[in-house]
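Single-structure report; data block below.
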Amino acid sequence: MNIKMTSRMSMDFKACLSLAFETSIIEATQDVYFFPDKLAGAALIVPAINFWWPSFPSELCESEYKKQPKKDQWKLRIAHYVPGLLYWWMTLKWFPSCSIMARDPIIFNKRDFEILKKMLQVPNPNEHKIRQQGEFESLFKDLMVGFGSWEFDPMELENPFPHNEGAVQLWQGREDKLVPVELQRFVAKKLPWIKYHEVPDGGHLIVHDNGLCESIFKALLLKQKPTVM
């Protein structure tokens, strides 16, 4: 999901914040790549990693890819090499094809389960809107775009804020079982202008942690050092 906030209706003003998490990495990086002069800041929260980005060392990518659940390995491989078959693959009834959509317990850590418990206590009345355009447009297309072949390499991006007038932050859970922390560390090392925050006991659902979200907003908007991790 990608959320943008602007203080004006016109994009002529440099007042746009890009908040991205999970599969919306391409939207956020496109904002940085194509509209740096319009951007006031960006926060990438457990952004999806494309294993086929050319700057990744092949051995590191292969090692991290093999740590993914088998069904997710197949899903990502199809999304990258034969995206035309993705809808068919994802809608198979006899073969689970996506851990996160199935909420497979194998992908969650202790903190994730605590977050899930709180989420179930306060149901989201708008959850159905996530798929209101249909599963293909709302979910599967994100996979096709995010894990397809990109027209630019994110690790060749230049700092959109050379004079520190804004910031790009990356937030990652150290125990995330879907988005490899080792690859995020590599991205942060290749792009030292990104402010990298690693949550020690964080899993894949840290974006739903209210206390952490408040820290993220304060760090981005008020430039405060995170106090809750």
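From a predicted model like this one, the values you see are computed outputs, not experimental measurements. Just so it is clear, the values below take in all heavy atoms, side chains as well, and ignore hydrogens, waters and symmetry mates.
- With hydrogens and angles disregarded, no donor-acceptor distance shorter than 3.5 Å links the side chain of Asp153 to the backbone of Trp53.
- For Lys118 and Asp209, the salt-bridge test fails: no basic side-chain N is under 4.0 Å from an acidic carboxylate O.
- Of the possible donor and acceptor atoms, none in the side chain of Glu175 sits under 3.5 Å from a partner among the backbone N and O of Lys110.
- Using a 4.5 Å heavy-atom threshold, the side chains of His208 and Met119 count as touching.
- Of the inter-residue distances, the one linking Leu116 atom CG with Arg103 atom CZ reads 6.0 Å to the nearest 0.5 angstrom.
- Within the 4.5 Å cutoff, the side chain of Val199 has no heavy atoms near those of the Gln172 side chain.
- Atom CG of Asp201 is separated from atom CD of Glu114 by 8.0 Å, given to the nearest 0.5 angstrom.
- In terms of heavy atoms, Arg174 sits closest to Pro200 at CB-O, 3.4 Å.
- Taking all atoms of both residues into account, the shortest heavy-atom contact from Arg185 to Tyr196 is CG-OH, 3.7 Å.
- Atoms CG and OG, on Asn210 and Ser215 in that order, are 11.0 Å from each other to the nearest 0.5 Å.
- Remark: aromatic rings of Phe51 and Phe56 are distant, center separation not under 6.0 Å.
- Considering only heavy atoms from C-beta on, Val168 comes within 4.5 Å of Pro160 through its side chain.
- A heavy-atom distance below 4.5 Å is not found between the side chains of Trp150 and Val145.
- Between Tyr65 and Trp52, the ring-plane angle classifies as perpendicular under the 30° and 60° cut-offs.
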request  = Apply the test side chain to side chain contact (heavy atoms under 4.5 Å, CB included) to residues Ser63 and Glu182: give CA-CA distance (whole Å), side-chain angles for both, the deciding distance (0.1 Å), then the verdict.
outcome  = CA-CA 10 Å; Ser63 171; Glu182 293 295 338; over 6 Å; no

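- A salt bridge links Glu62 to Lys66: one of the charged nitrogens lies within less than 4.0 Å of a carboxylate oxygen.
- Counting only heavy atoms from C-beta outward, the side chains of Gln68 and Leu178 approach each other to under 4.5 Å.
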task = Quick one: do Ile115 and Phe108 satisfy side chain to side chain contact (heavy atoms under 4.5 Å, CB included)? Show the steps, please.
result = CA-CA 10 Å; Ile115 292 171; Phe108 300 126; over 6 Å; no

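- Atoms CZ and CD1, from Phe147 and Ile78 in turn, are 13.5 Å apart once rounded to the nearest 0.5 Å.
- Separating the SG atom in Cys98 from the CG atom in Leu143 is a distance of 6.5 Å, to the nearest 0.5 Å.
- Smallest separation of non-hydrogen atoms from Ala43 and Leu220: CB-CD2, 4.0 Å.
- Between Lys195 and Leu170 there is no side-chain heavy-atom pair separated by less than 4.5 Å.
- The shortest distance between side-chain heavy atoms of Thr91 and Phe140 falls below 4.5 Å.
- For Asp112 against Ile206, the heavy-atom pair with the smallest separation is OD1-N, 4.5 Å.
- Counting only heavy atoms from C-beta outward, the side chains of Leu212 and Trp171 approach each other to under 4.5 Å.
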query = After noting the C-alpha distance and the side-chain angles of Lys177 and Ile106, does the key distance pass the side chain to side chain contact (heavy atoms under 4.5 Å, CB included) rule?
reply = CA-CA 8 Å; Lys177 299 178 183 179; Ile106 196 174; 5.8 Å; no

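- For Gln224, the side-chain contact (heavy atoms from CB on, under 4.5 Å) criterion is met by Lys218, Leu222, not counting sequence neighbours.
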query = Would Asp72 and Ile100 count as a side chain to side chain contact (heavy atoms under 4.5 Å, CB included) if you check the C-alpha gap in whole Å, the side-chain angles of each, and the deciding distance to 0.1 Å?
reply = CA-CA 9 Å; Asp72 292 313; Ile100 191 64; over 6 Å; no

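- The two residues Ser55 and Met155 make their nearest non-hydrogen contact at CB-CE, 3.6 Å.
- Distance check, rounded to the nearest 0.5 Å: NZ of Lys190 to CD of Glu156 gives 7.5 Å.
- Sorted by first and then second residue, the salt bridge (charged side-chain N to carboxylate O under 4.0 Å, His left out) pairs involving residues 43-54 (not counting sequence neighbours) form an empty list.
- What you find for Val46 and Val179 is that their closest heavy atoms are O-CG2, 3.9 Å.
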